[in-house]
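Everything below concerns the one structure shown next.
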Amino acid sequence: MDTNLPNKSDWAIKIIAILAVLYTLQVARDVMLPITLALIFALLLAPAVSRLQRIGLPRSVGAIFIMTVGLSVITGGVYALASPASEWLQRVPEAVDVLRDQMSDVNPDNDNVDAASRSIDSLAREFSASPSDPQLTQVVIADAGWRSELGEIAKNFGVYGTLSIILLFFLLTSGEALMKRFIHSLPTQRDKAVVTRIAELAQTQMSRYLLTITAVNISVGAVTAVGLWLADFPDPALWGAVAALLRYIPYLGVSITLILFTIVSAVTYNNPVAIIATPLSYGLFTAFTGQFIDPFVHGMRFSLNPIVVFLWIFFWGWLWGAPGVLLAVPLLTLFQVVCQHTERLLPVAHIIGDSNE
């Protein structure tokens with residue numbers, strides 16, 4: 001029995017270490033998010049900066065050029081879509097009222113239920129007030145509302161986005177030299193070869209994954225926008241961009257887009273057939289894309305087990321919120337590369353990979 005104690009203590013130490021890492025990731029979310037975002041974009045943009053360096057452009061100048069082009073495209077897109085997005089945010093209360101009316105038309109008995117609920121609420125308010133205290137003052141704590149929450153999100157995005165951009169510049173200009181010094185400091189030649197291989201594959205697969213999925217998502221967003229425009233859907237460019245952006249979230253993104261399209265259709269159209277037509281058409285289109293286009297264009301994403309991907313997205317969403325959901329699949333891709341080239345983690349790589357391989 002004593003011989004099993006070291007093994008049990010080792011497992012206990014490993015579990016405690018994992019829990020400590022998870023706790024640190026959650027507590028240090030505001031610090032880790034910009035660092036993780038900068039690392040992922042560095043893996044994406046480093047090959048382009050290296051190509052510019054090979055044709056004689058200094059690495060710092062190439063990094064500034066690539067980052068300027070990327071930020072200009074993103075800023076231009078946000079500026080073009082900001083006005084219609086703001087208008088739809090202002091129409092959220094109207095959309096809720098319209099949906100409530102639509103539901104009441106479908107089920108007229110809801111009116112009686114709502115009337116009964118209002119009567120009960122009125123009676124509850126009457127009985128809750130003390131008759132012996134006519135000067136009873138009711139204190140209402142005002143909710144900040146979704147506008148203030150969006151303002152807080154925008155402020156945090158600006159702060160952490162700026163930190164990510166600064167760190168990204170340093171990674172693009174000095175990251176390669178830092179990695180070479182780190183590899184040179186490793187004790188054995190085997191460790192140096194393994195780390196070099198992992199770094200090369202991480203950069204290659206990450207850039208390939210992000211570029212191909214971006215190309216597919218932009219194409220899907222463009223086709224969606226054209227289809228919405230032909231269907232006389234309001235603000236087709238905005239919803240095409242939303243469809244493209246949400247496709248970065250596997251499985252969940254398409255579902256969220258379908259819900260949004262259904263809500264906008266219910267607000268815009270009065271005919272039930274027209275309300276269903278747009279989300280149904282988009283669902284069929286994305287089903288065709290997911291079954292035939294995605295596996296052909298970037299099969300690497302489908303080498304990941306769908307159950308593992310879903311659980312991984314759920315985990316990072318719980319840990320970091322919406323940014324964690326967006327970063328989940330790129331992080332899983334990097335983790336898979338590390339596991340495939342680390343002897344002790346090969347069983348984990350086999351679990352992560354699709355069983356069809």
Side-chain angles (χ1 to χ4, degrees), residues 1-43 156 159-160 163-164 167-168 170-171 175 178-179 181-203 205-206 209 249-252 301 303-355 357:
M1 294 178 64
D2 294 336
T3 56
N4 293 330
L5 291 178
N7 292 331
K8 292 181 179 178
S9 61
D10 289 344
W11 275 106
I13 292 173
K14 291 177 181 177
I15 293 173
I16 292 173
I18 292 173
L19 292 176
V21 170
L22 294 178
Y23 178 76
T24 303
L25 287 174
Q26 190 174 40
V27 172
R29 172 181 179 272
D30 293 340
V31 176
M32 296 301 299
L33 266 177
I35 295 175
T36 305
L37 194 62
L39 287 173
I40 290 177
F41 275 98
L43 292 173
N156 293 335
V159 173
Y160 299 130
L163 294 176
S164 297
L167 180 58
L168 175 61
F170 288 121
L171 288 174
L178 180 62
M179 178 58 69
R181 287 196 292 269
F182 170 73
I183 293 174
H184 182 73
S185 66
L186 295 175
T188 65
Q189 193 65 31
R190 182 176 179 276
D191 292 338
K192 294 178 181 179
V194 170
V195 174
T196 301
R197 180 62 175 166
I198 290 176
E200 292 176 352
L201 281 177
Q203 186 179 90
Q205 294 193 15
M206 180 57 63
Y209 169 78
I249 308 175
Y251 314 121
L252 299 178
R301 168 177 160 184
S303 66
L304 301 174
N305 189 287
I307 298 176
V308 175
V309 173
F310 182 83
L311 294 176
W312 188 268
I313 293 172
F314 182 81
F315 167 75
W316 283 101
W318 165 78
L319 196 66
W320 284 355
V325 172
L326 290 172
L327 296 175
V329 177
L331 290 175
L332 182 59
T333 303
L334 290 178
F335 183 61
Q336 186 187 35
V337 171
V338 173
C339 291
Q340 287 173 342
H341 296 85
T342 305
E343 186 175 353
R344 291 185 176 181
L345 297 178
L346 282 176
V348 179
H350 180 70
I351 294 173
I352 293 174
D354 195 351
S355 59
E357 287 182 338

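Both backbone and side-chain heavy atoms feed into the values below; hydrogens, waters and symmetry mates do not.
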Output the distance between atom CD (Q203) and atom CE (M179), rounded to the nearest 0.5 Å. 9.5 Å
Taking the side chain as every heavy atom from C-beta outward, state whether D191 and P187 have any atom pair closer than 4.5 Å. yes
Rounded distance (nearest 0.5 Å) linking atom CG of L186 with atom OG1 of T188: 7.0 Å
Tell me, please, which residues at least two apart from R190 pass salt bridge (charged side-chain N to carboxylate O under 4.0 Å, His left out). E343
As an exercise, state the distance from OG1 of T333 to CD1 of I40, rounded to the nearest 0.5 Å. 9.0 Å
Heavy atoms only: give me the nearest V337-I198 pair and the separation to one decimal. CG1-O, 4.0 Å
Student check: side-chain heavy atoms of L178 and L171 closer than 4.5 Å: no
Considering non-hydrogen atoms only, spot the tightest contact between L319 and Q26 and give its length. CD1-CB, 3.7 Å
For residues 319-339, the ring-ring contact (aromatic ring centres under 6.0 Å, His included) pairs (sequence neighbours left out) are W312-F335, W316-W320
Please evaluate residues L22 and F315 with respect to the criterion side chain to side chain contact (heavy atoms under 4.5 Å, CB included), reporting the C-alpha separation (whole Å), side-chain torsions for both, the decisive distance (0.1 Å), and the verdict. CA-CA 11 Å; L22 294 178; F315 167 75; 3.3 Å; yes
One should read off an interatomic distance between R197 CZ and Q340 CD, to the nearest 0.5 angstrom, of 10.0 Å
Rounded to the nearest 0.5 angstrom, the CG-CG distance for L39 and L167 is 6.5 Å
From I351 atom CD1 to L345 atom CG, the distance as rounded to the nearest 0.5 Å: 10.5 Å
With side chain to side chain contact (heavy atoms under 4.5 Å, CB included) as the criterion, how do L43 and L334 come out once you've worked through the C-alpha distance, each side chain's angles and the decisive distance to 0.1 Å? CA-CA 10 Å; L43 292 173; L334 290 178; 3.6 Å; yes
Tell me whether L346 at atom CG has more than 12 heavy atoms from other residues, nucleotides or ligands lying less than 6.0 Å away. yes
Return the minimal non-hydrogen interatomic distance between S164 and A38, and the atom names on each side. O-CB, 3.6 Å
Sort out for me which residue in L327, L168, L163 forms a side chain to side chain contact (heavy atoms under 4.5 Å, CB included) with L37. L327
M32 vs L25 side-chain heavy atoms within contact, under 4.5 Å: yes
